[in-house]
Amino acid sequence: MRRRPTLTRLLATAALALPIALPATPAVAAPPAPTRQLSDVIPAPVETRPDARGTFTLDPRTVIRTAPGSTDAWRVGHQLADTLRPATGYPLPVLPVHATPLPEIALLLGGADARVGQQGYQLDVTHRGVTIRANTAAGLFAGTQTLRQLLPATIEAAHRQRTTWTVPGGRIIDHPRFAYRGAMLDLARHFHTVDEITAYIDLLSQYKINYLHLHLTDDQGWRIQIDSWPKLTTVGGGPGTGVDGAGPGYLTKADYRAVVAHAAARHITVIPEIDMPGHTNAAQSTYAELNCDGVAPPPRTDMAVGYSSLCIEDELTYRFVEDVIREIAAITPGPFLHIGGDEAHATTDEDYRTFMQRVLPLVAKYGKRAFGWNEIMQVDPPTDVVAQYWGTGTTNADLAEAAARGNKVVMSPANKAYLDMKYDPTTRLGLSWAAYIEVRDAYDWNPAQRVTGVGEQAILGVEAPLWSETLRTLDDIEYMAFPRLPAIAELGWSTTTSHDWESFRTRLGAQAPRWRLQQVDFYPSPQVPWT
Ligand code: IFG
């Protein structure tokens, strides 16, 4: 993402800007605009009807018009203008709908094909302009991300480019297969700043991801301010915390609100995770009273899992849990609150059941719907509890029984969707306990056929977790997430009939010029024909 340019980046940018940088020399003819197709977009749209006569060219007169009376549509219009102005240098005013002969990009609410539903859109391109119709602002926003990819890649440049800004003519009708397309970022093992999180959000939104799950607490670090237990962050998120004691860091409530707002402006809903009853050493090494024997264990900076457990029989535990849930729910506008539940190897099955039966009602008490890693299904929770599947196998009896009862499932199989897995044995970053995951491994699977008894109707969607044991910087996040995150995004959005590796790898290769301009530090997988 945009950072202090290194020499290579300076040269790359200069090469792109050359026609502008050195007007004295004859401008180097821009490479012929590749013949972009409506179907080049990632995620693959549901239906495209090209019309070569309808090619539209953005020009300095183009205006953006938004549905009258809708502040949300107006916001989408301004976001689109912010995206298009730097590279075009055009004013692109955002105005209410008005009948004038000016070429325009119109963002309208209503009038779309009925199939678009609550998250989809209809995009029409004619020689006079682009019209995006949707039933919600989220649908309009999704349509603008498609438009962004239909423009030449140089649209991503930070400075004015001499490009002919053509958009291929025709119609797109588009809507997601699954309502939930998520990404998870682990802030506990290594803390990531607000700027790094929002930079990641900007990239996620380009691929129609609509949920961001933040893993806020674990053995090595507690990363979210809780007023009623202040040492959780000052100590549990303080100096020396994190894997290999990499360092302090936590989100104040103001930081968290800033992340939530940045995500919401891009129609992404934040889901906070407070992992329990396991993965709790940061809290228990901070507050001795949270331990059954009243003795605080030492802080942990290694990568082991499964050794910690809250004290199930102690009433203080439930006051602590309720305080945390209450404070997190109060700053979380989204409907979901994730309570973890994974790898509780230091909690007996009976205690685990006792704990969950007392804690799940607390999530509901504070107005949220609970998410849990799939182990939570062993307690037969209420059917509104969502199970996040992270197993590597194709069978799981508890999960299949829960799905049969009506619980919804988010698919994150660790050997397909875990972005912290190495690409191959040579990958500098990441782990390999689940699998090596090259791009095709992340793409070539069907969420509705992954676990026996967990079919299309039981699946809320997919999510790509990125655990941070081995990550330190935004570059590290980008290297592991790109190009595999777009693969998971396509699995969540596009139809099974459009699922095709040859098509995807080609469309993925064409994203490279965009990522280079956005300074995304992506892994140039040998499986992809990068342009
Ligand atoms: N499993 C643990 C994570 C993390 C991961 C790294 C889950 C649900 C291994 N639990 O994945 O905390 O350590 O790949």
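Both counts, for ligands and for their atoms, begin at 1 and track the order of listing.
When every heavy atom of Gln378 is checked against every heavy atom of Asp398, the shortest pair comes out as CB-OD2, 3.5 Å.
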Pairs under 3.5 Å, N/O atoms on ligand 1 and on the protein: can you put them in a table with the distances?
residue  : atom   : partner : partner atom : Å
ligand 1 : 10 (N) : Asp342  : OD2          : 2.9
ligand 1 : 10 (N) : Glu343  : OE1          : 3.3
ligand 1 : 11 (O) : Tyr418  : OH           : 2.6
ligand 1 : 12 (O) : Arg189  : NH1          : 3.2
ligand 1 : 12 (O) : Arg189  : NH2          : 2.8
ligand 1 : 13 (O) : Arg189  : NH2          : 3.3
ligand 1 : 13 (O) : Glu469  : OE2          : 2.6
ligand 1 : 14 (O) : Asp420  : OD2          : 2.7
ligand 1 : 14 (O) : Trp433  : NE1          : 2.8

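Geometrically, Arg484 does not engage Tyr523 in a cation-pi contact, judged by NZ or CZ lying under 6.0 Å from the ring centre and within 45° of the ring axis. Remark: Lys231 qualifies as a cation-pi partner of Tyr287 under the 6.0 Å distance and 45° angle criteria applied to the six-membered ring.
With respect to Tyr443, the side chain to side chain donor-acceptor pair (under 3.5 Å) criterion is satisfied by exactly one of Lys416, Arg505, Glu490: Glu490.
Remark: the backbone N or O of Asp424 is not paired with any side-chain donor or acceptor of Glu438 at under 3.5 angstrom.
Salt-bridge formation is detected for the pair Asp244/Arg472: a Lys NZ or Arg NE/NH1/NH2 atom is positioned less than 4.0 Å from an Asp or Glu carboxylate oxygen.
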